[in-house]
Amino acid sequence: MSGPRVRFAPSPTGYFHVGSARSALFNWFVARQDPEGVFILRVEDTDESRNREEWVEGIYSAMNWLGLTLDEGPFRQSDNAAAHDSAAQLLRRSGYLYYCDCTFAELETRKGPGATPGYDGFCRERGLERGPTTALRFRTPREGVTIVRDLIRGDVEFVNNLIDDFVVVKSSGAVLYALANVTDDRHDRITHVIRGEEHLANAPKQMMLWEALNAATGDEVALAFYAHLPLLVNEQRKKLSKRKDPVATESYRDQGYLPEAFVNYLALLGWSPRGDEEIVALSTLIEQFRLADVSHSPAFFDVKKLTHMNGEYLRALSLDEFIDRSAPWVAPWSSAWQPSDREPPWREDQFDQHLYGLVAHLVQERVATFAEIPSMVAFFFLDEPTLDEASFAKVIVNDPLGRDLLRGAVQRFERLASWDAASLHDATLALGEEMGLALRKSQAPIRCAVTGSLVGPPLFESLELLGREKTLRRLRVALERV
RNA sequence: GGUCCCAUCGUCUAGUGGCCUAGGACAUCACCCUCUCAAGGUGGAGGCACGGGUUCGAAUCCCGUUGGGACUGCCA
């Protein structure tokens, strides 16, 4: 007995949908938890309008980012067109398919307004021959039921008579998804079809096709088990929409989410590991995952929770790893891969890798994604800090104490025997105390003048790393601006 | 409209008849820590959609109601 053979079969749509990512992941889990399991990628590119090479590349690169390694493939459905055609012809010769030349308009007139959608079977017994406008329809059984044995939901029963004679081959001759998919699944000896719930209604049709193919070819391939994953929905509880929801996996990669955090979060959508811990190792995910434990109800893709988890993963990185993996966002010129639209605000010649290495630990615990780093450390590399005018006005322009603090800081910092965080801290504290101010108050104008903002990494460590010269210059510039 | 799926805190979930005065996580609130912001710590608020059964006992089983969703293409 060999292991499960599963496949992930996306159609190229321009980006990698997070729902697809989760389907791929759950398929991959099933393959990986069995030493003989096989995970296949099959790009379903039979629709000409969805067949751009760059889109297919996008699927490969997203899968690679997620670490979803393949055992077979990638395959292209379009490469099997000949097999699809012969399957269709075989089915037609065996009487499972019939030609139909009804147009949509004709169907409408026959059924009248407001009728139940679906084909009425008009051409079923007309014995039409192939013509320029004939499609091939499947002769759905008029009696009995088809039971989809869903590994997640249990048995789902469909009354055959309620399933209309669906089109299998277009009048153009192109074989449609239902048949192409089943032909390939049989060919690849797929044992588990794990996909989104939107496909549940397709399952009985595909089972009929699968069995028809078994009978017509004499090649008895065991029907795959089905497992329909709950949908991923937005706050409105609607299926994630490409137009209004942030569904592109690539955009999370570009924002600096860690693939391991992303995978961990995805695994929590519709499933959960044992115990109270949600942040768990990939090996645990693989080991514990069971299709039978997958939830039946839709899940909301919560970016806030994802972001929180990513922050935890980021903080768990060693400092060297953090520095290394943040390179695409802080020093893209030195990294093999660059996120799109995420240029740091400094130029290559302004950036100081050594300084960044000293600064990194200050930001590691303050960011949740890599893309948040540049704005937090820009003042180290830019000639002048990017001033937040509102803050500047608040603590310096409109506050006379701010100017006094700045002047006092210049005087004391100039004379400091040792330029280190502790000395800077003490000097600022003493200066504030002279004026009856707590450190939290006295540090504010200095922070604003030097870093441009009232929030940021610890001030005194920052000043130490920035150096006496630059610090004093920025304090004086601020004073002149008032 | 028809077919199908679903229903535990705002969100993701644990819970498979007694361990549940329902546990965890995100978000939220308060406090602590603190040079800002975070991080971290402590604590709080917050849920079994409703109605009937079955049972000694129901979040858990059954039926109904209500609510949500998917599908309903000569797309995948």
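FYI, side chains are in, hydrogens and waters are out, and symmetry mates aren't considered; it's all heavy atoms of this structure. Keep in mind it's a predicted model, so treat the numbers as computed, not measured. Residue numbers begin at 1 in each chain, while the letters A, B, ... track the order of the sequences.
- Listed by residue number, A:L268, A:L269, A:G270, A:S272 are the residues of residues 265-275 of chain A with a heavy-atom contact under 4.0 Å to RNA chain B.
- Judged purely by atom type and a 3.5 angstrom limit, A:R468 has no side-chain atom pairing as donor or acceptor with the backbone of A:S418.
- Of the two residues near RNA chain B, A:D164 and A:K304, the one whose nearest nucleotide lies more 5' is A:K304.
- When heavy atoms are screened at a 4.0 angstrom cut-off, A:E461 is found touching base atoms of the nucleic acid.
- In this structure, B:C71 and B:G2 make a Watson-Crick or G-U wobble pair, each of the two defining distances being under 3.5 angstrom.
- No contact: A:K441 has no heavy atom under 4.0 Å from any strand.
- Atom-to-atom, CG of A:L306 to C1' of B:U11 comes out at 13 Å; the value is rounded to the nearest Å.
- A:R42 places no side-chain N or O within donor-acceptor distance of the main-chain N or O of A:G73, the cut-off being under 3.5 Å.
- A:R447 approaches A:V455 most closely through the heavy-atom pair CD-N, 4.1 Å.
- The pairing partner recorded for B:U21 is none, the criterion being a Watson-Crick or G-U wobble arrangement whose two distances lie under 3.5 angstrom.
- Look at CG on A:D120: it is 15 Å from C1' on B:U72, rounded to the nearest Å.
- With rounding to whole Å, A:K205 atom NZ is found 12 Å from B:C75 atom C1'.
- Checking side-chain atoms of A:R195 against main-chain N and O of A:L229 turns up no donor-acceptor pair under 3.5 Å.
- Using C1' as the reference atom, B:U54 and B:G46 are 32 Å apart when rounded to the nearest Å.
- With A:S326 contributing its side chain and A:F322 its backbone, the two residues share a donor-acceptor pair below 3.5 Å.
- Within the structure, ring pair (Phe, Tyr, Trp, His ring centres under 6.0 Å) pairs that include any residue of residues 430-455 of chain A do not occur (at least two apart or interchain).
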Collect all protein-nucleotide pairs involving nucleotides 4-7 of chain B in which both atoms are nitrogen or oxygen and the distance is under 3.5 Å.
unit_1	atom_1	unit_2	atom_2	d
B:C5	O2'	A:R153	NH1	2.6
B:C6	OP1	A:H296	ND1	3.3

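- Counting non-hydrogen atoms under 4.0 angstrom, A:S391 reaches nothing in the nucleic acid.
- Smallest separation of non-hydrogen atoms from A:D165 and A:T140: OD1-N, 2.9 Å.
- Nucleotides B:A7 and B:G51 have their C1' atoms positioned 15 Å apart, rounded to a whole Å.
- Heavy atoms from other residues, nucleotides or ligands lying under 6.0 Å from NZ of A:K111 number more than 12.
- The distance between atom CG of A:N234 and atom C1' of B:G68, rounded to the nearest whole Å, is 12 Å.
- Proximity of a side-chain donor or acceptor of A:S20 to a complementary backbone N or O of A:F16 within less than 3.5 Å is not detected.
- Between A:W419 and A:F413, the angle of the ring planes goes over 60°, which puts this pair in the perpendicular group of the 30/60° scheme.
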Please tabulate, one pair per line, each protein N/O and nucleotide N/O from nucleotides 62-66 of chain B that are separated by under 3.5 Å, including the distance.
none

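- Both A:M376 and A:L162 lie close to RNA chain B; mapped to their nearest nucleotides by heavy-atom distance, the more 5′-ward contact belongs to A:L162.
- On a pure distance criterion of 3.5 Å, no polar donor-acceptor pair joins the side chain of A:K239 and the base of B:A70.
- Within 4.0 Å (heavy atoms only), A:C102 reaches at least one base atom of the nucleic acid.
- Distance, A:Y177 OH to B:C71 P: 12 Å, rounded to whole Å.
- Of all non-hydrogen atoms in A:F262 and A:F301, the two that sit nearest each other are CE1-CZ, 4.2 Å.
- Judged as a ring pair (Phe, Tyr, Trp, His ring centres under 6.0 Å), the pairs with a partner in residues 103-146 of chain A (not counting sequence neighbours) are, in order, A:F138-A:F166.
- Within the 4.0 angstrom heavy-atom criterion, no nucleotide atom of any strand lies near A:N181.
- Using a cutoff of 4.0 Å between basic side-chain nitrogens and carboxylate oxygens, A:K239 and A:E197 are not scored as salt-bridged.
- B:C35: no Watson-Crick or G-U partner with both key distances under 3.5 Å is found in any strand.
- At a threshold of 4.0 angstrom between heavy atoms, the contacts of A:F300 are confined to the sugar-phosphate backbone, with no base atom among them.
- Between B:U21 and B:C37, the two P atoms lie 42 Å apart (nearest whole Å).
- Counting any heavy atom pair closer than 4.0 Å across all strands shown, A:H228 reaches no nucleic acid atom.
- One can place CG of A:D399 at 16 Å from C1' of B:U36, the figure rounded to the nearest angstrom.
- Note on A:R447: a base of the nucleic acid sits closer than 4.0 angstrom, heavy atoms only.
- Using a 4.0 Å heavy-atom cutoff across all strands shown, A:A299 reaches sugar-phosphate atoms only and no base atom.
- Here the side chain of A:E365 is nearest to one of B:G1, B:A39, B:G69, namely B:A39.
- For a distance-only test at 3.5 Å, the side chain of A:R366 qualifies as a donor-acceptor partner of the base of B:U36.
- Taking atom CG on A:N310 and atom P on B:A38, their separation rounds to 18 Å, with Å as the unit.
- Closest heavy-atom contact between A:M309 and A:E278: CE-O, 4.2 Å.
- Annotation: side chain of A:L314 is in contact with side chain of A:F370 (closest heavy-atom distance under 4.5 Å).
- Taking atom C1' on both nucleotides, B:U8 is separated from B:G67 by 16 Å, rounded to a whole Å.
- With a 3.5 Å ceiling on both atom-pair distances, B:C48 lacks any Watson-Crick or G-U wobble partner.
- Using a 30° and 60° split on the angle between ring planes, A:Y356 and A:F381 fall in the tilted class, from 30° to 60°.
- B:A76 makes up no base pair with any nucleotide shown, lacking Watson-Crick or G-U wobble contacts both under 3.5 Å.
- Using a 4.0 Å heavy-atom cutoff across all strands shown, A:P230 reaches no nucleic acid atom at all.
- Using a 4.5 Å cut-off on side-chain heavy atoms (C-beta onward), A:Y313 and A:Y257 make no contact.
- Looking at A:S172, its side chain has no donor and acceptor atom pair within 3.5 Å of the base of B:C74.
- Atom CZ in A:R237 sits roughly 10 Å away from atom C1' in B:G10 (whole-Å rounding).
- Backbone-only engagement by A:L176 is indicated by non-hydrogen atom pairs under 4.0 Å involving sugar-phosphate atoms exclusively.
- Using the Watson-Crick or G-U wobble rule with both distances under 3.5 Å, B:U42 pairs with B:A30.
- Pair assignment for B:A59: none, as no Watson-Crick or G-U wobble contacts are both less than 3.5 Å.
- For the pair A:E108 and A:R110, the salt-bridge criterion is not met [side-chain N within less than 4.0 Å of a carboxylate O].
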Can you give one letter per nucleotide of nucleotides 40-45 of chain B, 5' to 3': B if a protein heavy atom sits under 4.0 Å from the base, S if only from the sugar-phosphate, - if neither?
-> S-----
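- Using a 4.0 Å heavy-atom cutoff across all strands shown, A:E198 reaches sugar-phosphate atoms only and no base atom.
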